[in-house]
Each structure stands twice: as structure tokens, then as C-alpha cells.
J.: 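Submitted below is the structure of interest, expressed as C-alpha cells.
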2 protein chains.
Amino acid sequence: MSEQSAKRRGRPRAYDPEVALARATETFWEQGYAGASLDDLSAATGMNRPSLYGAFGDKQALFKTALDAYMDRSRAAMTEAFRGGGSLGEVLTRIYRTALGFYLSGDAGGRGCFLTSAGLGQAVIDQEVRQTVADGLHELDQAIEALMKRRQARGELPPTVDPVALGRVASMMMNALSVRARAGETREQLEATIPVMVALICGPPDRRDERS
Amino acid sequence: MSEQSAKRRGRPRAYDPEVALARATETFWEQGYAGASLDDLSAATGMNRPSLYGAFGDKQALFKTALDAYMDRSRAAMTEAFRGGGSLGEVLTRIYRTALGFYLSGDAGGRGCFLTSAGLGQAVIDQEVRQTVADGLHELDQAIEALMKRRQARGELPPTVDPVALGRVASMMMNALSVRARAGETREQLEATIPVMVALICGPPDRRDERS
DNA sequence: GCTTTTTCATACTGTTTCGCATAAAAATAA
DNA sequence: TTATTTTTATGCGAAACAGTATGAAAAAGC
């Protein structure tokens, strides 16, 4: 989409926009919208204030860009987790592990989901952020509900259960994982809950595979 | 503990410390630690800055006092919900409803759990807050785990299930409710998930009672 | 080499922030 | 009334805050 190497007129920029956005995202992720000052963001990205404004606009715009970019990354990873085959339990396990990969990233301990940590912090104040976050959660809800419907049609779930209600709760369990990750629980503790959740959703744990 | 009416020496205070703390808590609850300025807190409590400092210390101390007070209120309500009789499903339903009562309080839409909304926002920055929040979550985990053990002993849960693991997931579902409440879901949506969660935990929903 | 274009770097402006100093106000004690 | 005690009220001061103006630096075009 963008011209790269050949012929850009002026002084070349000293930063990689994608890397800078990733660093800014991490800053918001850890410190929240209000807690992240422009000096923090400037230090994290290596960009000085005017460059930040030139590239991303003001603080609110940067936050929303970070939110959108996170959702894109998250969506891509989740699409991958959904795609692969296996039993319903295996797919759910993959989904939860993928989520944990996001929630436990970072050096200073688990940060949880960016949507529910930094995003929801602003949700009560900024209605547009709340809507974006709500849409993001809803999107995942629907994906899992659709998964449940497909698997029920295949006979992996008893016909008596409501796949939409079950999918919603399965999706909400990810929110719980985010909370616990940010509260400082270890990867081991969190991964140990995954089979319990999967067993609850998939019914009797006839057989379960584990891998490190 | 404190002398009330009779003979206090100086000028009487113009505020009720408990009411003021409740208002300050609501301000942190909605806007987070960094998002709540001392002017906001001053306006919410009706106390001017020096009175705030005299009563609660600096901003950090006030936040931690608010956190402790919230945990006390929450603990009291939860103790009540645990105490009453009924089947395991009925007790869990009461617990979740009690939680929702907290999460949906407030005028500007759901605020979620103070611990996981405002508290976790600070958790990554302030290690002491993270520990307090983690302890609070752990306390509830243990209470639910103990409930599960008792009910399993009574035969309400099959002997094959792990009551600790099940209790932990049941506790985590409250965190999920908090997230969804703050994301703006309605009371109706949230209450509709309660029976689904309860059914997952208690196994086959042989009979369920509902009340508005 | 000179101009044009784009970005970087410094530093500024006005506002907001937190915490506190100072003094007035409102009560009791003598 | 006068002194003492405790709280309120005003507002100060240094730092941090978001956003921007101004000019230097680094590239391409000519």
C-alpha cells in the first residue's frame, strides 16, 4: 500500500510507525489512558512530541489507533486458533491458550487483555471507546457461538444445550482469564484452569490430551 | 471507638467521613486512579483539599482506604449471600446476583467490580495494590472452594469433580460478569447468563427456580 | 550548489495537577 | 469575655500536563 524505499522527498523518519504504535500500545496497556503521559509515550516510542502528533494525532486518536491495531492483531490470532481442526475441546483449548499469550505478554507481569484493561478503563468516560470495546467483545462472542452451533450440529454437544448461551459463557471465560492475568497469577495457574473450563463447556471429559 | 455527640473541642466537621469515602470511591471507580483528580475527588466529597488530606492523607492513601472499604462492604454482602440456605445452585445464583448488584451500581452505567476495574488499573504500577487485589480475589476463591467442598460432601456434586478447581472457575465467572457490566451490558443480559453459569457448575439443571 | 520537501529537535505556552501554607471560622474550656 | 482547639476556606508554588511554534537537519529534485 505505501511507497517504501525508492523516492520519498524529505528527511527520512527515524522511527518505524508499526513499532512505535506497538510501544505506545504497551504503554497504554500497562498504565491506562490517563496514567500514560505524552512523555511516557514519547519515551516508549522514541519519538518526540511533534512527531507523535504528526503520525497519530492527539492522545485520544493515538489511543483509538492502538485499540484498533490491537483488535486487528487479536482477531488475526483468534482466526488462526479457530481455523485448525480437532475436537471442540481442542479448539477451545487453543483459543484460551492464544488469549493467554496476549494477556501474559509484557515484562512487568501480566497485563490482561488490552480491551478490558486499558479499554474498559476509558469506557466509562469515553462513550466511543466503550462502544468499540463492546463491539470487540461481541465479535468474539459471535465467533464462539457460531463454533458451538457448528459443533452441536456435528453431534459434539448434546442437542438440549443452547449453543448461543453456552458460547457466550465460553467467551466470558476469556474475560476472567484477563482479569486473573492482570492480577498477577502465573502462567501455570492460568493454564491449569483451561482444562477445567473446557470440561465444563464440553461436558464429560471423556478424554483430554495435554501438551506443554 | 470514636466519640460522637457530646464534647468535641474544635469546629465541627462539615462532612460525614463515611459518606465522603463512599463518594471518593465512586469517583475512583468510574475514572480510575490516574483519571480521578483531586479536584474531582474534592467536588465529589464536598471536602476541600486540605480537609481531604487531613482525613485520608494523600491520593494514594485515599485510594487504598477506598479499596479496603470496598472490600469490607463486598465481604459483608458476600457473607450474607453465602449464609442463606438452599441448593448449591440457589446459593451460587444468590452470590452472582449480589455481585451484579455491586457491578451495576452507579448512574453512568455499569462500573464493574471496583477491585478489577479501578484496582487492577493500578495493579501493574503499584505492587501493593496488586497484592491487595490478588488477596481479595483469593479470599473469594477460597470461600467458593469451601462451599464446593461442603456441597460435594453433602452429595450435591459428584465425587469425581475437583471442588477446588470448580470453585476457582465459579469465582472467576464473577470477574467475567464485572468485565461485561463495565462494557455496558444491561442487567437483563447479565442476569440471563447466571442460570447458564450455574447450570454448568452444578451439572444437569434438574430443576431451577426463578424469581424476578 | 541551491531549492524544495519532509522530518526532527528544542523549547515554549497556558492549563492542570498535587500537596501545603496561612489565616479565618466555629466550637469548647476557663 | 478570652484562650484553646479543630476544622474550613483561600490560594500559593513547584511540577507535570497536553499541545504547538520555530528553526535546524536530512533527504530528493533541479
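Every value quoted in this text rests on a predicted model; they were computed, and no experiment measured them. Letters A, B, ... mirror the listed sequences (proteins, then strands); counts begin at 1. Both backbone and side-chain heavy atoms feed into the values below; hydrogens, waters and symmetry mates do not.
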J.: For the side chain of K59(B), counting heavy atoms from C-beta on, which of dT10(C), dA18(D), dC18(C) is nearest?
T.: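 Comparing dT10(C), dA18(D), dC18(C) against the side chain of K59(B), the answer is dC18(C).
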J.: As a test of reading the structure: which of dT8(D), dC8(C), dA9(C) is closest to the side chain of R11(B), going by heavy atoms?
T.: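 It is dT8(D).
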J.: In whole Å, what is the span from the CD atom of Q31(A) to the P atom of dC17(D)?
T.: 10 Å
J.: Using 4.0 Å as the upper bound for N to carboxylate O, is an ion pair formed by D141(B) and R180(A)?
T.: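 Judged by the 4.0 Å cut-off on N to carboxylate O distance, R180(A) and D141(B) do form a salt bridge.
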J.: Please give me the minimum heavy-atom distance between Y96(B) and A170(B), naming the atom from each residue.
T.: OH-O, 2.8 Å
J.: Are N48(B) and dA9(D) close enough that a side-chain N or O sits under 4.0 Å from OP1 or OP2?
T.: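 Yes, within the criterion.
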J.: Would you kindly give the CG-to-P distance between L52(A) and dC17(D), to the nearest whole Å?
T.: 14 Å
J.: Is the distance between the ring centroids of F28(B) and F114(B) under 6.0 Å?
T.: no
J.: Rounded to the nearest Å, what distance is computed from the CE atom of residue M47(A) to the P atom of nucleotide dA9(C)?
T.: 11 Å
J.: Side chains of M174(B) and L140(B): closer than 4.5 Å at any heavy-atom pair?
T.: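 Side chain of M174(B) against side chain of L140(B), heavy atoms only: contact under 4.5 Å found.
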J.: Counting just side-chain N and O atoms, does S37(A) come under 4.0 Å of either OP1 or OP2 of dA16(D)?
T.: no
J.: Using only side-chain N and O atoms of R9(B), determine if any of them is under 4.0 Å from OP1 or OP2 of dT4(D).
T.: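 For R9(B), the contact criterion (side-chain N or O under 4.0 Å from OP1 or OP2 of dT4(D)) is not met.
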J.: Counting only side-chain heavy atoms from C-beta out, which of dT10(D), dG19(C), dT20(D) sits nearest to R49(A)?
T.: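 Nearest listed nucleotide: dT20(D).
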J.: What nucleotide among dC20(C), dA26(D), dG19(C) has an atom nearest to a side-chain atom of P12(A)?
T.: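 Per side-chain heavy atoms of P12(A), the pick is dA26(D).
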J.: Any base atoms under 4.0 Å from A36(B), or only sugar-phosphate, or nothing? Heavy atoms, all strands.
T.: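 Answer is sugar-phosphate: A36(B) comes under 4.0 Å of backbone atoms only.
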J.: Among dG19(C), dT20(D), dT8(D), find the nucleotide with the atom closest to the side chain of Y53(A).
T.: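 Among dG19(C), dT20(D), dT8(D), the one nearest the side chain of Y53(A) is dT20(D).
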J.: Specify the residue among A34(B) and G10(B) whose closest nucleotide of DNA chain C lies further upstream toward the 5′ end.
T.: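 It is A34(B), whose closest nucleotide lies nearer the 5' terminus.
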J.: Output the rounded distance in Å from OH (Y15(B)) to P (dT6(D)).
T.: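 Between P of dT6(D) and OH of Y15(B): 13 Å.
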J.: What is the separation between atom CZ on F63(B) and atom C1' on dC18(C), rounded to the nearest whole Å?
T.: 17 Å
J.: Could you give the CZ-to-P distance, from F56(B) to dC18(C), as a whole number of Å?
T.: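 From F56(B) CZ to dC18(C) P: 16 Å.
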J.: Answer yes or no: does a side-chain N or O of R8(A) lie under 4.0 Å from OP1 or OP2 of dT7(C)?
T.: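 Answer is yes, contact under 4.0 Å.
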J.: Starting the side chain at C-beta, find the nucleotide from dC8(C), dA9(C), dG19(C) nearest to L38(B).
T.: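 The closest nucleotide is dG19(C).
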J.: Ignoring hydrogens and angles, tell me if any N or O in the side chain of W29(A) forms a donor-acceptor pair with the backbone of L115(A) under 3.5 Å.
T.: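 Judged by distance alone, no pair lies under 3.5 Å.
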